[in-house]
Structures are given as C-alpha cells and as structure tokens.
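The sequence lines fix the lettering, A, B, ..., with proteins before strands; numbering per chain opens at 1. These numbers come from the heavy atoms of this one structure, side chains and all, not from hydrogens, waters or symmetry mates.
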2 protein chains.
Amino acid sequence: MDAFGSYLRERREARRASDRSYSLRQLATRVGIEPSYLSRIERGAESPPSEATIRRLAAELEEDEDVLLALAGKVSSDLQDAIRRRPALFAQLIRQLAELPDHAVLRLVREVRDGDW
Amino acid sequence: MDAFGSYLRERREARRASDRSYSLRQLATRVGIEPSYLSRIERGAESPPSEATIRRLAAELEEDEDVLLALAGKVSSDLQDAIRRRPALFAQLIRQLAELPDHAVLRLVREVRDGDW
DNA sequence: CCATGTGTGTAGTGTTGACTGCACACTCTA
DNA sequence: TAGAGTGTGCAGTCAACACTACACACATGG
C-alpha cells in the first residue's frame, strides 16, 4: 500500500543501473534532504515528503511531477489554485469527468487543445 | 484580505436578520465548535477551520461548499481524489482550462452534461 | 434588577508534517 | 586492510493545524 515509496525506490534503482550517482545518499544530497529521511520514505516507513521536495525528486529522476504527486496523495498546488479561482465551475466539471472513462477525457483534452475555444 | 471570515460573518448576519437562531453562539453549537473559535474565525484572527467544519458551516448557512472551501483556500477532497486517480490527464486539462474565460469552461460543462460522452 | 444571551480575550492542548543529525553495520575496491 | 561509500535505526526538533476551556464585559428584555 505504499505506492510512493516503492515506486521511488524502483525508479532510482533503475537509474542507478546505468548511472552510479543514483545511490540513495547522493540523490538525497542533490535533492537537499538527509539520506536517512529518503531511506525511510522509500521504504514507506515515513509518509511522502512535501510538494517542493517531490518536485525536486521528480526533476532529478525525470519523472512526471503530477504523477509522483498523485502517488504521494497530493495535487499540485497550481492546479488547486486554478480550481479555487472558479470553484463552482471546476467542481461541477471535475465531478462530471470523474465518471467518464479515460478515452472520453482524453478526447476532451484534445478538443480543447486544438479547438476554437 | 480575510475573505473567508468576513464572508462567513456577513452570511450569518444576513440569516440572523430573519432567524434569531443564527447568533454566533448558537451556530457554533450546532456546528459543533466553540463559540470563541468561530468568533476568531469570523474576524480573521484565526485561519479557516478544517474541511469537515467548513462543510457543516456551509450546510447550516445553505452556502455552496465548494465556494466556501475556495474562500478558505482549500479544494474539496473528493475533487482531489478524482484528480489523483488520473493525474496526467486531469493536470493537462485543468492547466488548459485555467487560461480560458468562464464562458468557455461553462460551455464545456454543458457539452459534457448533455453530450454523448 | 438579574438572568439569560451575546460576542470576545487569553491560555492551553494533542496531533501531524517535514524534517535534521548522528551513529551503526555492511560492502567494495585500491 | 584501511578507507570510502552504502543503506538504515533511533532520537529529537520546530512549526502549524485544529481545536477546547474558561473568564470577561456588555445588552436587553421579562
């Protein structure tokens, strides 16, 4: 049940296979946290770190920030800001989309992207 | 700059004009918090309460939960859940919509509502 | 006039979030 | 075989969140 930690470890070790600088210690140092802290996070002995730290981890591992944040049970603060600016509208839309299958949402994304909105 | 508190007070007093049971004390009691706490919140001397408490306040005042949460700088947890289930997809969509005007988003909401999705 | 209700000031509480810092045991490798 | 690097255990910090508890002063209406 610790999606975040195990995913992180898995990703780091994958990278480490081709780049020795991806040891837990070195990554932690680059990201600016204590190695023991990262160790506990990877093993799920500690809850995921802050949004800022997750962002730095994502950058270092070249992972999608939103996905990593999601695994940590969080939602990017800029998305939250966008929703907060028009709460009624976005709330309605998101609740509707929550019940639609992926492909429908994807279709919508595309339509908005290259539509005449 | 204390949108939440002043809005709350304003709404409560509006209701109180026609219903004497909307005193700070009585509302606080119905909602299950200490009057002094609600007092500090309404005056902005304290940051907004938890999502659960905001929900109860919204119910009692017949206000839109999402709007009240937004004023408190929060986003409903069920919306966050929806986003977390498909982070890449939703992140992309919301960032796109953040730059569109209200009417465009509204049009989208309608289209999804009564479209053949 | 006093009992009841009103809002508010001050102080204190338990819990969680987000970490640091150091010591330890193990493993390579030069 | 000493030294550097590896992951980890344990203890502790510091601020914020989300509140409670109680005392106070005012007012008001029966």
By the 4.0 Å heavy-atom rule, please label A/E42 as base, sugar-phosphate, or nothing. nothing
Are B/R25 and B/T29 close enough, and set up right, to give a side-chain hydrogen bond (donor to acceptor under 3.5 Å, both in side chains), and what steps lead you there? CA-CA 6 Å; B/R25 271 179 128 92; B/T29 305; over 6 Å; no
In Å and rounded to the nearest 0.5 Å, what is the CZ to OG distance from A/R84 to A/S77? 9.0 Å
Out of curiosity, B/E63 CD to B/L69 CG, how far, rounded to the nearest 0.5 Å?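 That separation rounds to 12.0 Å.
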Closest to the [X] side chain: [options]?
| X | options | result |
| --- | --- | --- |
| A/L24 | C/dC19, D/dT8, C/dT20 | D/dT8 |
| A/S50 | C/dC19, C/dT20, D/dG7 | C/dC19 |
| B/Y37 | C/dT8, C/dT20, D/dC19 | D/dC19 |
| B/R12 | C/dG7, D/dA18, C/dC19 | C/dG7 |
| B/R43 | C/dA18, C/dT8, D/dT6 | C/dT8 |

Helical stems, DNA chain D - three or more consecutive Watson-Crick or G-U wobble pairs below 3.5 Å: C:1-30 with D:1-30
Would you list the protein and nucleotides 10-12 of chain C atom pairs, both N or O, that sit under 3.5 Å from each other?
unit_1 : atom_1 : unit_2 : atom_2 : d
C/dT10 : O4     : B/R40  : NH1    : 3.2

Spacing between [X] atom [atom1] and [N] atom [atom2], to the nearest angstrom:
| X | N | atom1 | atom2 | answer |
| --- | --- | --- | --- | --- |
| A/R16 | D/dG5 | CZ | P | 12 Å |
| A/Y22 | D/dG5 | OH | C1' | 18 Å |
| A/L27 | D/dT6 | CG | P | 11 Å |
| A/L38 | C/dT20 | CG | P | 11 Å |
| B/F4 | D/dA18 | CZ | C1' | 13 Å |
| B/E34 | C/dT13 | CD | P | 16 Å |
| B/I41 | C/dT8 | CD1 | C1' | 14 Å |
| A/E46 | C/dG17 | CD | P | 10 Å |

5′-ward residue of the pair B/S47/B/I33 relative to DNA chain D: B/S47
Are the side chains of [X] and [Y] in touch, meaning some heavy atoms are under 4.5 Å apart?
| X | Y | result |
| --- | --- | --- |
| B/F90 | A/V75 | no |
| B/I83 | A/I83 | yes |
| A/L100 | A/L97 | yes |
| B/Y7 | B/D2 | no |

How does protein reach along nucleotides 25-30 of chain C, written 5' to 3' as B (base within reach of a heavy atom under 4.0 Å), S (only sugar-phosphate), or - (no contact)? ------
Decide whether a cation-pi geometry holds between B/R30 and B/Y22; the criteria are a distance under 6.0 Å from NZ or CZ to the six-membered ring centre and an angle within 45° of the ring axis.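 Satisfied, under 6.0 Å and within 45°.
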Is A/R55 salt-bridged to A/E51, going by a charged N under 4.0 Å from an acidic O?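 So A/R55 pairs with A/E51 through a salt bridge.
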Taking only the side-chain nitrogens and oxygens of A/K74, find out if one of them lies under 4.0 Å from OP1 or OP2 of C/dA18.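 True: A/K74 side-chain N/O within range (under 4.0 Å) of C/dA18 OP1/OP2.
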Does D/dT6 have OP1 or OP2 sitting under 4.0 Å from an N or O in the side chain of A/S23?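 So the side-chain polar atoms of A/S23 do come within 4.0 Å of the phosphate oxygens OP1 or OP2 of D/dT6, strictly under.
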